[in-house]
Amino acid sequence: MPLRVYSTLTRSKEEFRTVEPGKVKMYLCGPTVYKPAHIGHMVGPVIFDTVKRYLAYSGYQVTWVVNITDVDDKLIVRAKENNTTVEALAKQMTQDYFDNLATIGVDGVDHFPYATAHIKEMLDMIGRLVEQGYAYPLNGDVYFEVTKDADYGKLSHRSVEQMLAGTRVEANDRKRNPADFALWKASKPGEPAWDSPWGPGRPGWHIECSAMAAKILGPEIDIHGGGLDLMFPHHENELAQSESCSGKPFARYWLHNGLMQASGQAGKVGGQHSRHGDTPPAGDHMVAAQADQEANKLAGSKGAASVKELFAVQQPETIRFFLLSTHYRSPIDFSPENIAATGQSLEGFYRLFETYQRVTGKDFYTLTAPGTREKSTKLDGEPADLFGELRALRDRYLEAMDDDFNTGGAVGVLFEMRKALNSYIAKHKLDAAGAKEPAVVDALTTGMTLLKELSNLLGVFRKPLPKKAGADDAIVDGLMALILELRADARKNKNWPVADKIRDTLKALKIVVEDRPDGVRWNRG
RNA sequence: GGCGCCGUAGCCAAGCGGUAAGGCAGUGGAUUGCAAAUCCACCAUCCCCGGUUCGAUCCCGGGCGGCGCCUCCA
């Protein structure tokens with residue numbers, strides 16, 4: 001099965017064919033760097049990082065660009081609030097963004113172009129649009145004239161007439177059409193400004209993506225990504241500018257990811273109102289509805305924790321897994337409970353890695369797994385039952401990913417693979433004392449290598465989890481060694497009450513003690 | 001008002017024409033001094049009503065319910 005992707009442009013799944021054979025040009029709308037990133041800002045990067053991994057695995061040479069918007073109204077406002085400069089604020093927040101990407105394992109971005117470093121390219125593009133009659137200057141501003149673009153609205157599937165009816169498009173007499181949008185904005189005193197043929201000003205919101213994508217990737221790209229919320233107006237406008245300027249189709253596939261949603265408490269209040277039967281005053285209803293909406297908008301909600309705060313209490317790997325456990329186009333309900341449930345479900349994998357270590361003396365994390373589909377782990381010969389099952393699972397995994405990057409389905413297969421390997425270990429009593437058949441152990445390594453190969457594609461299980469311990473490690477280790485030695489003595493003498501008391505008391509302290517055939521294991525819970 | 005999305009077990013979540021993957025939780029069994037972990041087994045007819053079809057969770061129509069965008073929020 002060839003790779004198929006869903007494009008917003010056609011509202012359907014299409015076979016994936018690149019502009020240039022074997023090469024993929026991918027652009028993702030990046031952040032406006034005016035405040036610390038929250039979880040929602042990680043959704044796109046994690047998804048498209050995974051997309052890139054999968055495309056590379058499938059044999060493509062991928063170039064991925066994510067822009068950094070470092071000039072914008074929000075930046076100007078916030079810099080003023082914080083008594084700093086736009087430059088300083090942008091620099092600080094860009095670093096925050098980079099740190100978070102690294103933490104959550106997004107390392108496939110090839111270029112991070114800055115808007116302020118591409119003013120010239122933007123002005124060139126605006127100039128061409130004006131020359132070609134798609135744009136007009138007006139009192140220092142320059143506007144794109146939507147009616148000049150015959151297929152304007154094709155991405156979000158709306159027409160100019162539709163947009164005018166019943167919308168709140170800002171009334172502006174001076175514009176030729178209310179839907180016309182700014183390519184260039186004349187600056188007010190004190191605002192960041194660049195010289196232009198139309199006077200000092202700064203770029204409009206959409207032009208930077210058009211200009212930078214064209215500069216780095218060329219006028220025709222393969223994949224354009226972004227959050228669903230950006231589809232209109234941002235992507236629609238970006239598309240209009242780019243295609244009007246170049247006369248070529250801008251992006252072959254538009255991929256929009258679903259948004260992160262906070263389960264809103266306010267919504268429940270509103271719902272109860274209506275269920276109780278007494279009609280709340282219209283005003284209250286409006287307030288409840290608004291509060292509800294606010295609660296659902298992570299970006300808008302002031303309480304949304306920064307990702308850094310989140311990483312402090314949740315493993316970044318858990319968050320990444322959480323984001324990939326559902327299809328990228330679906331909205332995800334963010335709640336501490338949901339994240340915790342994901343963390344819980346990952347425990348079994350870490351257990352398996354430990355078991356593997358015990359059985360073979362090898363570290364799962366340092367296994368070298370094949371990086372391409374062509375060279376995928378060999379599963380020929382014996383044991384036919386295990387290898388046969390793994391082959392089937394691999395097929396299902398790749399089938400899921402080939403179907404519009406269905407990471408949710410792929411994650412499910414990973415769980416089944418875990419079960420198959422655990423089952424194999426149990427069947428051959430590999431985790432028990434005694435000599436083991438080398439061939440049987442080698443087969444396990446082959447299976448684990450496949451697991452590594454496939455989990456690499458999701459960007460998970462790449463590195464051991466950081467230890468939970470604090471600075472008192474040496475002391476705790478020493479004390480634990482002593483306590484467990486005393487407990488071992490008690491057990492030897494079949495003094496179960498003492499042994500169990502030690503284990504139970506430690507458990508209350510969040511230290512889990514397990515008696516294994518080959519010795520005792522303890523862990524901070 | 002316009003453009004869309006969604007409704008699968010207690011929760012999360014694949015499947016989208018041939019009688020429902022997986023995970024968490026739960027239940028029974030194996031193992032264990034007892035636990036933990038692990039293994040084995042069990043655990044849903046897919047919001048409702050019509051239609052198309054030999055056959056629908058999956059297609060079409062109509063409801064009901066939830067949600068997003070149209071506001072420089074990723």
Side-chain angles (χ1 to χ4, degrees), chain A residues 8 11 28-32 34 37-45 47 69 72-75 153 156-159 161-170 181-182 204-206 225-234 236-237 256-261 264 267 271 292-293 296-301 322 325-327 329-333 337-338 340-348 351-352 354-355 396 400 403 406-419 422-427 429 431-432 491 494-497 499-500 503-504 507 512-517 521 523:
Chain A
T8 305
R11 301 273 156 100
L28 174 71
C29 287
T32 301
Y34 71 108
H38 64 258
I39 176 72
H41 292 109
M42 295 293 110
V43 177
I47 285 164
T69 301
D72 174 271
D73 288 349
K74 293 194 295 274
L75 261 157
S156 54
H157 295 248
R158 36 186 118 193
S159 65
E161 301 79 62
Q162 274 172 357
M163 279 181 295
L164 298 184
T167 57
R168 284 163 280 180
V169 173
E170 185 193 339
F181 56 90
W205 179 29
H206 320 294
L228 209 50
D229 54 335
L230 293 182
M231 189 173 89
F232 187 90
H234 182 56
E236 190 71 63
N237 292 169
H256 286 104
N257 59 271
L259 305 180
M260 180 70 65
Q261 297 177 353
D292 197 12
Q293 212 171 32
N296 278 324
K297 288 186 178 192
L298 266 187
S301 104
F322 175 68
S325 61
T326 178
H327 187 91
R329 259 185 288 119
S330 310
I332 311 180
D333 237 6
E337 294 74 31
N338 288 347
T342 299
Q344 179 73 21
S345 74
L346 292 182
E347 281 299 318
R351 287 271 186 181
L352 173 60
E354 274 178 40
T355 306
R396 281 176 50 209
D403 183 12
N406 184 353
T407 55
V411 162
V413 175
L414 243 34
F415 278 101
E416 289 184 70
M417 202 165 282
R418 175 178 91 185
K419 184 162 218 153
N422 267 143
S423 191
Y424 179 78
I425 290 167
K427 186 176 153 198
K429 298 190 169 54
D431 199 15
R491 291 186 71 213
K494 297 200 189 299
N495 189 350
W496 309 128
D500 291 348
R503 190 173 62 196
D504 293 345
K507 191 176 181 183
V512 179
V513 176
E514 296 173 18
D515 298 310
R516 306 195 51 86
R521 166 194 188 274
N523 213 287

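Partner assigned to B/rU31 is none, using Watson-Crick or G-U wobble distances below 3.5 angstrom.
Atom C1' of B/rA37 sits at a distance of 11 Å from the matching atom of B/rU32, rounded to the whole Å. Annotation: B/rU31 and B/rA25 have their P atoms spaced 23 Å apart (nearest Å). The separation of B/rA74 from B/rU45, taken at their P atoms, amounts to 44 Å, rounded to a whole angstrom.
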(Q) I'd like to compare against my own output: the B/S/- annotation of nucleotides 35-44 of chain B with a strict under-4.0 Å heavy-atom distance to protein. (A) BBSSSS----
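Residue contacts shown for A/L230 are limited to sugar-phosphate atoms, with no base heavy atom under 4.0 Å away. Nucleic acid contact class of A/K74 (heavy atoms, under 4.0 Å, all strands): sugar-phosphate only. Residue contacts for A/G412: at a heavy-atom cut-off of 4.0 Å it reaches a base atom on one of the strands shown. Here A/R491 lies in heavy-atom contact (under 4.0 Å) with a base. Residue contacts for A/H327: at a heavy-atom cut-off of 4.0 Å it reaches the sugar-phosphate backbone alone, with no base atom in range.
When the side-chain nitrogen and oxygen atoms of A/Q344 are compared with OP1 and OP2 of B/rA25, one or more of them lie within a distance under 4.0 Å. OP1 or OP2 of B/rC5 has not a single side-chain nitrogen or oxygen of A/S330 nearer than 4.0 Å. Under 4.0 angstrom from either OP1 or OP2 of B/rG15 there lies at least one side-chain N or O belonging to A/N406.
Across the protein-nucleic acid pair, A/L75 atom CG and B/rC73 atom C1' stand 14 Å apart, rounded to whole Å. We find that CZ of A/F322 is positioned 14 Å from C1' of B/rG23, with the value rounded to whole Å.
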